[in-house]
Amino acid sequence: MSEFAELKINGQSYNLPLVTGTENEVGINIGKLRAETGAITVDPGYKNTGSTSSAITYLDGENGVLRYRGYSIEEVAEKADFLEVTYLLIYGELPTQEQYDNFVADIKKHTLIHEDVRKILEGFPSNAHPMGVLSSLVCSMTAFYPESLDPNRSSDEVDLSIVRILAKLPTMAAWAYKNEQGHPVNYPDNTLSYTENFLKMMFAVPAEDYKVDPVIAKALNKLLILHADHEQNCSASTVRIVGSSHASLYASISAGINALWGPLHGGANQAVIEMLENIRKDGGDVAKYMAKAKDKDDPFRLMGFGHRVYKNFDPRARIIKKAADDVLTALGVNDPVLEIAKGLEQIALEDEYFVARKLYPNVDFYSGIIYRALGIPTEMFTVMFAMGRLPGWIAQWKEMRENHEPIGRPRQIYTGYNERSFVAMGDR
Ligand code: SDX
């Protein structure tokens, strides 16, 4: 393999160094392109542009491969605990039993949030979307832990910031839900596991003895693992670019939550269920909606389908689809939208428009069906995605800081007016 890519501009040749990853991906290093040629590259949406080098997650979109620090998503989803995967993503190795026990114990020390957070929470109207509440409460951590504003502190202090947000985000998420329901909040129960504690804070109500269903806890553990990281997706890239200005971990994560909220990204899981419900209410005519999805003049998109990287099955969608069947059977839930989803998938996988564009179900297509079966309300689906993705955001922020990456500041091609003289108001 040549070490350089040759570029010719106006008859002059330039050699641009090639970089090769551990899975033999090839990149062209354009670090000196503008200085040497005066030209820049242009790539809206960064469809062909690598923003960094990373050792956290590997994706092969053509072959539907996803690995966290080298371990396949299929293995970790089946065999690991969410906090085990969290430790792996953030610190690079699977924890020993002692490391795991210490990590869990540290997190349990910090699950409570300052009572003043309730004043912020109570300031939100009950119709506030929980993603907006969550990003605000996470950002408020910069006020309760002002020392976290300096990202250049010791690794022990950064680890404490990491443990605090891992511990408190589930509490904040559950409190955002309770605020929306107009219910009293539940305080953490550290006798329970991470997922069990979250479920209890979400669903326990006064005067009822709430017991966590192990089927639900196990399904939630798997869902959180499946969402834990996905290399340089929109929200992870947001966390990295905000952190590149030396903004704090909490400010960066809050920005990531807002990027994930969009319906083209993590907000798709809520949009999928709303779409399936609309199809069901409209008589379940999936062929009609497939035609709408293909109609360029129709803004309707088949939410939960397509992906920037996967041009084959999203491996997470495969796992979630099977888990959906298992969970609904175990819980004795018969959800009519599941059949509609399977009908849409069947048609799409045979339809020329979708086949030609390599549009397959993504992680969001079936996840909402499981969340619904677990009793999680639609407006909380993207919050669940955020809770799962938190370790990935932390790992990406930490790697960017440890690699001393420069502030992110892309260039542009200017297409506006050339210089012109100012015209006084009276002469316009
Ligand atoms: C996530 O990046 C990640 O890793 C994200 C994620 C993660 O874990 O972080 O995996 C999570 O965000 C999953 C994606 C969730 N979003 C959705 O399900 C929303 C619906 N899907 C799309 O809007 C779209 O597929 C994207 C946003 C996911 C990807 O968009 P791209 O890569 O910019 O592709 P595109 O919009 O240029 O589409 C290419 C073609 C277009 O048609 P043509 O102009 O070539 O004729 O495919 C069409 C699009 O119109 N198309 C769709 C479609 N998705 C793409 N047509 C109908 N329905 C769809 N869902």
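Here the structure is a predicted model, which is why all the values come from computation and not from measurement. Remember, it's 1-based here, ligands and their atoms both numbered in the order they're listed.
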Inset, instruction - Could you tell me whether ligand 1 has any atom less than 4.0 Å away from a heavy atom of Lys294? - result: no

Inset, instruction - Taking atom 26 (C) of ligand 1 as the reference point, report whether a protein heavy atom occurs under 4.0 Å from it. - result: no

Inset, instruction - Measure the distances from the heavy atoms of Lys296 to every atom of ligand 1 and state whether one is below 4.0 angstrom. - result: yes

Legend entry - Polar side-chain atom of Gln99 near backbone of Thr96 as donor-acceptor pair, under 3.5 Å: yes

Inset, instruction - Decide whether the shortest distance between a heavy atom of Lys47 and an atom of ligand 1 is less than 4.0 Å. - result: yes

Inset, instruction - Using non-hydrogen atoms of the residue, decide whether Gly45 is closer than 4.0 angstrom to ligand 1. - result: no

Inset, instruction - Give a yes or no answer on whether the side chain of Ser140 reaches the backbone of Leu137 with a donor-acceptor pair at less than 3.5 Å. - result: yes

Legend entry - Cationic tip of Arg357 above Tyr353 ring, under 6.0 Å, 45° of axis: yes

Inset, instruction - Specify the protein heavy atom at minimum distance from atom 13 (C) of ligand 1: its residue, its atom name, and the distance to 0.1 Å. - result: Asp364 OD2, 3.4 Å

Legend entry - Protein heavy atom under 4.0 Å of atom 17 (C) of ligand 1: yes

Inset, instruction - Classify the side-chain pair Asn221/Thr195 by whether it contains a donor and acceptor separated by less than 3.5 Å. - result: no

Legend entry - Candidate with minimal heavy-atom separation from atom 49 (C) of ligand 1, of Arg301, His265, Glu231: Arg301

Inset, instruction - Provide the number and element of each atom of ligand 1 under 4.0 Å from a heavy atom of Ala268. - result: 15 (C), 16 (N), 17 (C), 18 (O)

Inset, instruction - Ignoring hydrogens and angles, tell me if any N or O in the side chain of Tyr250 forms a donor-acceptor pair with the backbone of Ser161 under 3.5 Å. - result: yes

Inset, instruction - Report yes if some N/O of Gly304 lies less than 3.5 Å from some N/O of ligand 1; otherwise report no. - result: yes

Legend entry - Donor-acceptor contact below 3.5 Å, side chain Glu62 vs main chain Asn312: no

Inset, instruction - Would you check the N or O atoms of Phe354, main chain and side chain alike, for any that come under 3.5 Å of an N or O of ligand 1? - result: no

Inset, instruction - Please report which non-hydrogen protein atom sits nearest to atom 19 (C) of ligand 1, along with the residue it belongs to and the distance in Å to one decimal place. - result: Met303 CE, 3.7 Å

Inset, instruction - In plain terms, say whether Glu277 and Arg372 are close enough for a salt bridge, that is, a side-chain N and a carboxylate O under 4.0 Å apart. - result: yes

Inset, instruction - Could you tell me whether some N/O pair between Leu264 and ligand 1 is separated by less than 3.5 angstrom? - result: yes

Inset, instruction - Take every heavy atom of Tyr353, measure it against each atom of ligand 1, and state whether any distance is under 4.0 Å. - result: yes

Inset, instruction - Report yes if Lys311 has an N/O atom closer than 3.5 Å to an N/O atom of ligand 1; otherwise report no. - result: no

Inset, instruction - Check His227 against ligand 1 and report side chain, backbone, both or neither, counting heavy atoms closer than 4.0 Å. - result: neither

Legend entry - Proximity of Arg308 to ligand 1 by residue part, where a heavy atom lies under 4.0 Å: both

Legend entry - Electrostatic pair Lys218:Asp213 at N-O distance under 4.0 angstrom: no

Legend entry - Nearest option to atom 2 (O) of ligand 1, as decided by whichever heavy atom of Leu359, Leu66, Asn233 sits closest: Asn233

Inset, instruction - May I ask you to check if ligand 1 and Arg357 share an N or O to N or O distance below 3.5 Å? - result: yes

Legend entry - Output field: ring centroids His230/His265 closer than 6.0 Å: no

Legend entry - Residue portion contacting ligand 1 (non-hydrogen atoms closer than 4.0 Å) for Val309: neither

Inset, instruction - For the pair Tyr177 (side chain) and Met172 (backbone), establish whether a donor and an acceptor sit closer than 3.5 Å, ignoring hydrogens and angles. - result: no

Inset, instruction - Specify the protein heavy atom at minimum distance from atom 28 (C) of ligand 1: its residue, its atom name, and the distance to 0.1 Å. - result: Gly306 O, 3.6 Å

Inset, instruction - Answer with yes or no after comparing the ring centroid distance for Phe305 and Phe365 against a 6.0 Å cut-off, counting only values under it. - result: yes

Inset, instruction - Mind checking whether His307 contacts ligand 1 via backbone (N, CA, C, O), side chain (CB onward), both or neither, at a 4.0 Å heavy-atom cut-off? - result: both

Inset, instruction - Identify whether the distance between the nearest side-chain nitrogen and carboxylate oxygen of Asp60 and Arg67 falls below 4.0 Å. - result: no

Legend entry - Of Ile273, Ile320, Asn269, the residue whose pairing with Ile369 passes side-chain contact (heavy atoms from CB on, under 4.5 Å): Ile273

